[in-house]
Amino acid sequence: MSILVTGGAGYIGSHTCLELISAGYEIVVIDNLCNSKLESLKRVSELAKKDFKFYNGDLLDEKTVEKVFFENNIDAVIHFAGLKAVNESITIPLQYYHNNITGTLILCQIMQKYNVKNVIFSSSANVYGIPKNAPVTEESPLKPTNPYGRTKLIIEGILSDLYISDHNWSISLLRYFNPIGAHESGKIGEDPNTNPNNLMPYINQVAIGKREKVNVFGKDYNTHDGTGIRDYIHVVDLAKGHLKALERVLQTTGIDVFNLGTGVGYSVIDLIKSYENITSQKIPYIFTERRAGDIDRCYADVTKAKEILGWQATKNLSDMCYDSWNWQKNNHNGYTE
Ligand code: NAD
Ligand code: UD1
């Protein structure tokens, strides 16, 4: 069984590649390395003790995508490739729409041509925008508030239309909450190419002394300690969720959407304290203004993934903090020597 992983060199992609190989799948990866490094795939290969084919290519380049399908017997696609920084998407929206949407259109056109109709797509909790209630179910209103989230919602729509046009497609739309953590080996993890915007990569940089303190955005949210609550999920749990979704798309046809989170929300201070406890690193922080667009709380209702995919997260906040730190302390500069 051969699985094409687009964006496989990235953070979630690399962890998923490792789980796929460990479960006995053959994999083929395409990535243009615009937000990742080849070293991540080398390490996947070392950890898995297995080589696999890698195409250094762009989904926007139809010829390369076609070559991948021509040269391999692909059974299903896990589609991670995309640009993902919310703030950047507000500054360069056209690049986000073009890369994420056109890339997906080209991929789907070639899949159709080669009669490969099984696909798992990386969507995001971002499609819910500012949720009225938590936990957020898959039925909650979809109102993304930035170009990044809109690319995700548009792609969900494109894939739904594809299924309506041809019921042989089998599609899983996975809405991730807040992935953090790293593989327990400390060999692969999150290595943002730019300054980190998200909380955990920032905490990691404070822990290794690259930054002085964490700026905690706001202390007057309507939560137990005034700081924002999110549903952090260990990236290895998330990767395993893709294997469950893959089993399903390979066995059935249809289109389904699943929240992938833990179902439990933690505040910024909860996360910092848990990190300090498990790693024995002091994480200095100060309170600053709220970040524009941030919300009080967002966490998933994960009932559907549990009931239909038979999947649920198993790792707790301490595991996530420990593995994040373990990756960072072993790789001060990420994948760059
Ligand atoms: P990432 O940036 O680490 O990985 C994405 C990969 O896609 C990168 O390796 C990048 O080089 C590649 N890529 C981008 N555009 C490409 C193109 N046109 N052709 C070929 N390769 C291309 O991101 P990630 O955190 O691993 O996220 C994976 C997916 O999950 C993304 O689609 C992202 O939007 C989605 N997602 C991520 C999060 C998160 O917090 N990390 C949350 C929700 C959804
Ligand atoms: C952000 C994105 C969201 C994306 C998610 C995962 C925004 C507005 N939203 O969400 O679309 O799906 O990342 O990639 O960018 N915080 C601090 N200090 C920091 C960084 C964050 O206090 O330096 C706080 C935030 O206010 C929030 C929490 O930490 O309460 C988590 O922030 P972050 O990791 O950026 O994730 P989200 O805001 O959930």
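Both ligands and their constituent atoms are indexed starting at 1 by order of listing.
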V136: which other cluster members, linking ILVMFWY side chains closer than 4.5 Å, directly or transitively? V127, Y128, L142, L153, F177
Mind checking whether G293 has a heavy atom under 4.0 Å from ligand 2? no
Can you list the atoms of ligand 2 that are under 4.0 Å from a heavy atom of D294? 8 (C), 25 (C), 26 (O), 38 (O)
Less than 6.0 Å separating the ring centroids of Y11 and W327? no
Look at atom 38 (O) of ligand 2 and say which protein heavy atom is nearest, naming residue and atom and giving the distance to 0.1 Å. R291 NH2, 2.8 Å
Donor-acceptor under 3.5 Å (K304 side chain, V257 main chain): yes
Are there any protein N or O atoms under 3.5 Å from the N or O atoms of ligand 1? List them with distances, or say none.
residue	atom	partner	partner atom	Å
ligand 1	2 (O)	N35	ND2	2.7
ligand 1	3 (O)	Y11	N	2.8
ligand 1	9 (O)	G10	N	3.3
ligand 1	9 (O)	D31	OD1	3.2
ligand 1	9 (O)	D31	OD2	2.6
ligand 1	9 (O)	S36	OG	2.6
ligand 1	11 (O)	D31	OD1	2.7
ligand 1	11 (O)	N32	OD1	3.4
ligand 1	11 (O)	C34	N	3.0
ligand 1	11 (O)	N35	N	3.0
ligand 1	11 (O)	S36	OG	3.3
ligand 1	15 (N)	N99	ND2	3.1
ligand 1	18 (N)	D58	OD1	2.9
ligand 1	18 (N)	N99	OD1	2.8
ligand 1	19 (N)	L59	N	3.0
ligand 1	21 (N)	N32	N	3.2
ligand 1	21 (N)	N32	OD1	3.3
ligand 1	25 (O)	K84	NZ	2.8
ligand 1	26 (O)	Y11	N	3.2
ligand 1	26 (O)	I12	N	2.8
ligand 1	32 (O)	F80	O	2.7
ligand 1	32 (O)	K152	NZ	2.8
ligand 1	34 (O)	Y148	OH	2.7
ligand 1	34 (O)	K152	NZ	3.1

Regarding ligand 2, does Y148 bring an N or O atom to under 3.5 Å of one of the ligand's N or O atoms? no
Return a yes/no value for Y202: is any of its N or O atoms, backbone included, closer than 3.5 angstrom to an N or O of ligand 2? no
In this structure, does ligand 2 have an atom that sits under 4.0 Å from one of the heavy atoms of Y11? no
Taking only heavy atoms of V216 into account, list the atoms of ligand 2 that are under 4.0 Å away from them. 22 (O)
In terms of side-chain heavy atoms, does R43 have a donor or acceptor partner in N331 at a distance below 3.5 Å? yes
How far is atom 6 (C) of ligand 2 from its nearest protein heavy atom, and which residue and atom is that? N198 ND2, 4.1 Å
Look only at interatomic distance and state if L199 has a nitrogen or oxygen under 3.5 Å from any nitrogen or oxygen of ligand 2. yes
Starting from atom 36 (O) of ligand 2, which protein heavy atom do you reach first, and at what distance in Å? N178 ND2, 3.1 Å
